[in-house]
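These notes are about the structure you will find just below.
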Amino acid sequence: TAARAAQIYTIFSNNAGDSAVGSPVWSMMCRLDTRGTDFRTLFALGSITTSGTTINYNAAHIGFKITRAASGTISLFATQADGTTENASAALATIAGEFLNLIFKVNGTTSVDYYYRVAGGALSAATNLTTNMPTGLAPRIQVIVSNMNVATQTIVEVDASSYER
């Protein structure tokens with residue numbers, strides 16, 4: 001059956017405003033486990049919209065996405081969008097049901113550095129994305145899972161999350 005789920009964390013402060021202002025660093029420790037075929041998962045700062053069973057990757061955001069290709073390969077990507085167009089990295093890693101550390105640092109209004117660690121391994125070198133920088137990001141962190149019209153089970157367990165600016 002088709003399904004999608006979203007978990008939203010709101011950043012509360014006297015000055016929440018645009019959550020990308022002030023060069024924040026965001027990190028999340030999570031576990032992904034999936035049984036089935038197609039799915040997409042997005043871990044992002046911003047306000048992501050969904051329609052039916054799809055995720056709008058063009059919505060203004062900064063984050064990571066995980067997709068499963070028709071071949072069955074599950075890949076991790078860095079992603080950001082300005083509200084019109086997404087800029088995604090090449091696949092950063094191939095993953096399975098394992099623990100992930102996802103980290104990004106916003107460099108003012110010019111770029112974002114993305115880091116990841118899979119299954120307790122070494123922290124990656126920075127992947128830097130400079131185009132399609134979003135502005136006016138909503139003060140929220142979202143975790144969205146989309147099961148693309150197939151019978152499947154995807155488990156996303158968020159163990160810890162931090163946001164500092």
Side-chain angles (χ1 to χ4, degrees), residues 2-11 15-28 30 32 34 37-95 100-118 124-150 154 156 158 161-165:
R4 87 181 143 77
Q7 180 68 47
I8 300 171
Y9 305 89
T10 302
I11 301 163
N15 237 352
D18 181 347
S19 54
V21 168
S23 298
V25 175
W26 172 81
S27 67
M28 179 176 279
C30 56
L32 175 73
T34 184
T37 54
D38 300 334
F39 72 92
R40 297 176 184 172
T41 304
L42 181 68
F43 303 91
L45 187 62
S47 184
I48 312 305
T49 57
T50 60
S51 174
T53 59
T54 60
I55 299 169
N56 177 7
Y57 292 115
N58 294 328
H61 73 275
I62 296 169
F64 291 89
K65 69 180 179 180
I66 298 170
T67 63
R68 182 174 179 145
S71 66
T73 301
I74 303 171
S75 299
L76 173 69
F77 301 85
T79 175
Q80 61 196 44
D82 57 13
T84 303
T85 306
E86 179 194 20
N87 177 23
S89 68
L92 301 173
T94 299
I95 60 173
L100 299 170
N101 294 92
L102 306 174
I103 303 164
F104 67 71
K105 179 186 182 303
V106 179
N107 302 311
T109 59
T110 60
S111 68
V112 180
D113 291 332
Y114 295 86
Y115 304 86
Y116 65 93
R117 179 188 337 259
V118 178
S124 71
T127 295
N128 181 265
L129 297 182
T130 60
T131 61
N132 305 98
M133 286 290 294
T135 58
L137 286 180
R140 53 202 286 186
I141 295 167
Q142 290 185 255
V143 179
I144 300 171
V145 179
S146 174
N147 289 339
M148 304 309 294
N149 294 318
V150 295
T154 301
V156 177
V158 177
S161 183
S162 71
Y163 169 87
E164 300 174 34
R165 68 171 172 180

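Computed from a prediction, not measured in an experiment: that's the story for all the values here. Just so you know, residue 1 is the first one in the sequence shown, and it goes up from there.
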What closest approach, in Å, do [X] and [Y] show between heavy atoms, and which atom pair accounts for it?
X    : Y    : result
I103 : S27  : CG1-CB, 3.7 Å
P134 : A60  : CB-CB, 4.1 Å
S23  : G108 : OG-N, 3.0 Å

**OP:** Determine, step by step, whether L100 and V118 satisfy the side-chain contact (heavy atoms from CB on, under 4.5 Å) criterion, reporting the C-alpha distance in whole Å, the side-chain angles of both residues, the deciding distance to 0.1 Å, and the verdict.
**Re:** CA-CA 5 Å; L100 299 170; V118 178; 3.9 Å; yes
How long is the gap from [atom1] on [X] to [atom2] on [Y], to the nearest 0.5 Å?
X    : Y    : atom1 : atom2 : answer
L129 : Q80  : CG    : CD    : 4.5 Å
I62  : L45  : CD1   : CG    : 6.0 Å
S124 : N101 : OG    : CG    : 10.0 Å

Original post:
Applying salt bridge (Lys or Arg N to Asp or Glu O under 4.0 Å), which residue pairs with at least one partner in residues 72-81 are found, sequence neighbours left out?
Top reply: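 The answer is none; no pair qualifies.
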**OP:** Check Y115, F43, F77, Y114 against F64 for a ring pair (Phe, Tyr, Trp, His ring centres under 6.0 Å) and give me the one that passes.
**Re:**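 Among Y115, F43, F77, Y114, the one that satisfies the ring pair (Phe, Tyr, Trp, His ring centres under 6.0 Å) with F64 is Y114.
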I'd like to check the side chain to side chain contact (heavy atoms under 4.5 Å, CB included) partners of [X]; sequence neighbours left out, ordered by chain and number.
X    : answer
N58  : N56, E86
A44  : L42, I48, H61
T109 : none
T73  : S71, S75, T94

**OP:** Give me the one residue out of N132, T131, D82 that meets side-chain hydrogen bond (donor to acceptor under 3.5 Å, both in side chains) with N87.
**Re:**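 Only match with N87 under side-chain hydrogen bond (donor to acceptor under 3.5 Å, both in side chains): T131.
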Subject >> side-chain hydrogen bond (donor to acceptor under 3.5 Å, both in side chains) partners for S111, two or more places apart >> reply: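 side-chain hydrogen bond (donor to acceptor under 3.5 Å, both in side chains) list for S111, sorted by chain: N107, N128.
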